[in-house]
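Below is one structure, written out as structure tokens, with a few remarks after it.
Chain letters run A, B, ... following the sequence lines, proteins first and then strands; every chain starts at 1.
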Number of protein chains: 2
Amino acid sequence: MVKRVYENFLEAVLAGKENVNVEADKKRPKKKRSRIQTENRALILDAALQVFSTDGYRGATLDRIAEKAGMSKTNLLYYFPSKEDVYRTALEQIVVNWLDPFRDIDGDGDPIEQLRRYITLKLKASHENPEASRLFANEIQRGAPLIKGFLETTLKSLVDEKAKVIHGWIDEGKLAPIDPYHLIFLIWATTQHYADFDVQVSALLGSQASKPGFYEQSAQAVLSIVLNGIRPR
Amino acid sequence: MVKRVYENFLEAVLAGKENVNVEADKKRPKKKRSRIQTENRALILDAALQVFSTDGYRGATLDRIAEKAGMSKTNLLYYFPSKEDVYRTALEQIVVNWLDPFRDIDGDGDPIEQLRRYITLKLKASHENPEASRLFANEIQRGAPLIKGFLETTLKSLVDEKAKVIHGWIDEGKLAPIDPYHLIFLIWATTQHYADFDVQVSALLGSQASKPGFYEQSAQAVLSIVLNGIRPR
DNA sequence: ATAAAACTTGACTGGTTGGTCAAATTTGAA
DNA sequence: TTCAAATTTGACCAACCAGTCAAGTTTTAT
């Protein structure tokens, strides 16, 4: 329930609206979606994820997305009013999923355990859904035109909050005195790397990278470095 | 001199040639460049770096690059035969500069000092030339169509070599037993993050990120985590 | 069964893009 | 100075692009 409200808020933020009123938002008539609508929107968003993540917003074309989704471009435009709207919707889904495990970091838990959990979840997400990671990276790299406001408000609040949590751990002597923000960046950077630079990782590790246990092995290696880097000393 | 030969090799690799013959390469007639040619090629490559790094290969347009370079598109095409050639040339320059500090890691030196030096150099490069970093990231994210071969041959050899160096350090007890490849990835990921995700970093740190000493502070934070994460224990 | 609503598509439009070409202007060696 | 080579540009082209429109086909509620 809370999550639903949040999604509305996020939608509004990404749509560029200022001063979002959640109450007013609730009143907005929810158009129920038919079976075909649900199916086809999903097909389109899935195809969009692939195309946008490799070609970027400008480089992607509706023709290619429609082709991958197995329908005509005209039909795609029946489900989404414009290219930007397809992109925005795909981006929304990604950001929402992206935030959840971060929000779950628990200040009352054991720091090493909490961070181990978070890093593992992020690595798993990068491994299972690399396109989402690449699409997000692309949005940031081109200057975050659609989500700059979101970064500066919602995400910043959340990060500030978690930074305080980490600082609390440091004060209690449970963590080495590292800068919480840079620690968060390091975790994000590293976990994202396995999705965004997948091609490079595979090229450098050869057959090793395609073996079944590779994801667990990467997680183990990253955790071993990061967790020891922040253990109190 | 050695470096010049290497650049030729790299050019050939990026141009997609197989079985590069360095001797034959040397014989290739070097067209001397006029003052105007040197100047304008530099202007174009600088503009191309900006446009390609934000819009990606497909999203970038020659019109925009030409405009940024202060000349007509027709004139740009007088200096470079095609869009892909502009892109390839820009990418070449980046890769060459990118490799140098990595190659300089010295197996005979103190590991902590060598890695401190390398991380600092990489962070500095990301800070001073974020566009180059973003352009490279973009190439990888779209599947590395132009440099996949380079990644699998030249870069792989180099990384394998440095991994052996790191393994040597571990065997001597100078470093914790971490996986060398994942350590390299972690360093690349983190240093690159400050360039590629610049917008996000700035949004989350607010005014702090634009202050003069910010780069040194980031370097300090990253070093503090990574170096402690790999210190022998 | 049937008709309205939902869905799908081919043809089209105005604008953009990478690249060509021929004609002009500028540069620099003699 | 002079003139051939180098440089620069506007006009142009075919391919591509996001989005529209009208005319079909399929689904679904009754």
Side-chain angles (χ1 to χ4, degrees), chain A residues 15 29-91 135 138-139 142 145-146, chain B residues 15 29-91 135 138-139 142 145-146:
Chain A
K30 303 257 160 84
K31 40 198 163 182
K32 54 190 172 191
R33 288 191 178 128
S34 74
R35 178 185 57 85
I36 296 180
Q37 261 176 29
T38 309
E39 281 174 11
N40 281 351
R41 281 179 65 98
L43 280 175
I44 292 168
L45 288 175
D46 190 66
L49 195 58
Q50 296 178 51
V51 177
F52 280 129
S53 68
T54 56
D55 293 339
Y57 178 72
R58 292 210 49 179
T61 73
L62 291 184
D63 286 284
R64 266 165 71 93
I65 296 173
E67 191 195 2
K68 261 199 204 298
M71 69 184 69
S72 67
K73 180 177 63 172
T74 318
N75 203 25
L76 185 154
L77 284 164
Y78 172 73
Y79 291 100
F80 290 89
S82 68
K83 177 183 181 179
E84 191 184 304
D85 200 80
V86 179
Y87 179 76
R88 196 203 313 282
T89 308
L91 192 57
L135 174 45
N138 225 292
E139 167 70 9
R142 69 189 187 114
L146 287 189
Chain B
K30 303 258 160 85
K31 39 197 162 183
K32 57 191 168 189
R33 288 192 176 127
S34 74
R35 178 186 56 85
I36 297 181
Q37 261 176 28
T38 310
E39 282 175 11
N40 281 351
R41 280 180 64 98
L43 280 176
I44 292 167
L45 287 175
D46 191 65
L49 195 58
Q50 296 177 50
V51 177
F52 281 129
S53 68
T54 57
D55 292 339
Y57 178 72
R58 293 211 48 180
T61 72
L62 291 182
D63 286 285
R64 264 165 73 92
I65 296 173
E67 191 195 2
K68 262 201 203 297
M71 69 184 69
S72 67
K73 180 177 64 174
T74 318
N75 204 23
L76 185 154
L77 284 164
Y78 173 73
Y79 291 101
F80 291 90
S82 69
K83 179 183 181 180
E84 189 184 306
D85 200 79
V86 179
Y87 179 77
R88 196 203 312 281
T89 308
L91 192 57
L135 174 44
N138 225 293
E139 168 70 9
R142 70 188 187 111
L146 288 188

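With C/dT17, D/dG19, C/dC7 as the candidates, the nucleotide lying closest to the side chain of A/S82 is D/dG19. Here the nucleotide nearest the side chain of B/Y79, chosen from D/dT7, C/dC7, D/dG19, is D/dT7. Listed candidates were D/dT7, C/dG19, C/dT9. Nearest to the side chain of A/M71 is C/dT9. Side-chain atoms of A/K73 lie closest to D/dG19 of the nucleotides D/dC17, D/dT8, D/dG19. Listed nucleotides C/dG28, C/dG18, C/dC7 differ in distance to A/S34; the shortest reach to its side chain belongs to C/dC7. Comparing atom distances between the B/K83 side chain and each of C/dG28, D/dT27, C/dG18 picks out C/dG18 as nearest. In this structure, of C/dT20, C/dA6, C/dT9, it is C/dT20 that holds the atom nearest to the side chain of B/L77.
Judged by distance alone, with hydrogens and angles left aside, A/T74 brings a side-chain donor or acceptor within reach of the base of C/dG10, the pair sitting under 3.5 Å.
Just one residue in the list B/I36, B/T89, B/L45 forms a side-chain contact (heavy atoms from CB on, under 4.5 Å) with B/Y79, and that residue is B/I36. Each of B/I65, B/L91, B/N138 was compared with B/F52 under the side-chain contact (heavy atoms from CB on, under 4.5 Å) criterion, and only B/I65 meets it.
Between B/E84 and B/I36, the one whose closest nucleotide on DNA chain C sits nearer the 5' end is B/E84.
The separation between A/L62 atom CG and D/dT20 atom C1' is 13 Å, rounded to whole Å. Between A/E67 atom CD and D/dA18 atom P there is a gap of 13 Å when expressed in whole angstrom units. Computed from coordinates, the A/L76 CG to C/dT9 C1' distance equals 13 Å when rounded to whole Å. One interatomic measurement links the two molecules: CZ of B/R64 to P of C/dG15, which rounds to 20 Å at whole-angstrom precision. We find that OH of B/Y87 is positioned 20 Å from C1' of C/dG19, with the value rounded to whole Å. Here C/dG18 presents its P atom at 11 Å from CG of B/D55, a figure rounded to the nearest Å. Between A/D63 atom CG and C/dT16 atom C1' there is a gap of 14 Å when expressed in whole angstrom units. For the pair B/D85 CG and C/dG18 C1', the computed distance is 14 Å after rounding to whole Å.
Nearest heavy-atom pair across B/R58 and A/D55 is NH1-OD2, 3.7 Å. In this structure, B/P81 and B/L77 approach most closely via the heavy-atom pair O-CD2, 3.9 Å. Of all heavy-atom pairs between A/R142 and B/T54, the closest is CB-O, 3.1 Å.
The side chain of A/N75 contributes no N or O atom lying less than 4.0 Å from OP1 or OP2 of C/dC7. Distances shorter than 4.0 Å separate some side-chain N or O of B/R35 from OP1 or OP2 on C/dG28. In this structure, B/Q37 does not reach the D/dA6 phosphate: none of its side-chain N or O atoms is under 4.0 Å from OP1 or OP2. In this model, the phosphate group of C/dA6 is not approached by any side-chain N or O of A/N40 to a distance below 4.0 Å at OP1 or OP2. The shortest distance between the side-chain N/O atoms of B/R58 and the OP1/OP2 oxygens of D/dC17 is below 4.0 Å. Contact annotation: B/Y78 side-chain N/O to D/dT8 OP1/OP2 distance is not under 4.0 Å.
Within 4.0 Å of A/A60, counting heavy atoms only, lie sugar-phosphate atoms of the nucleic acid but no base atom.
Annotation for A/E67: atom CD does not count as buried by contact number, only 12 or fewer foreign heavy atoms lying within 6.0 Å.
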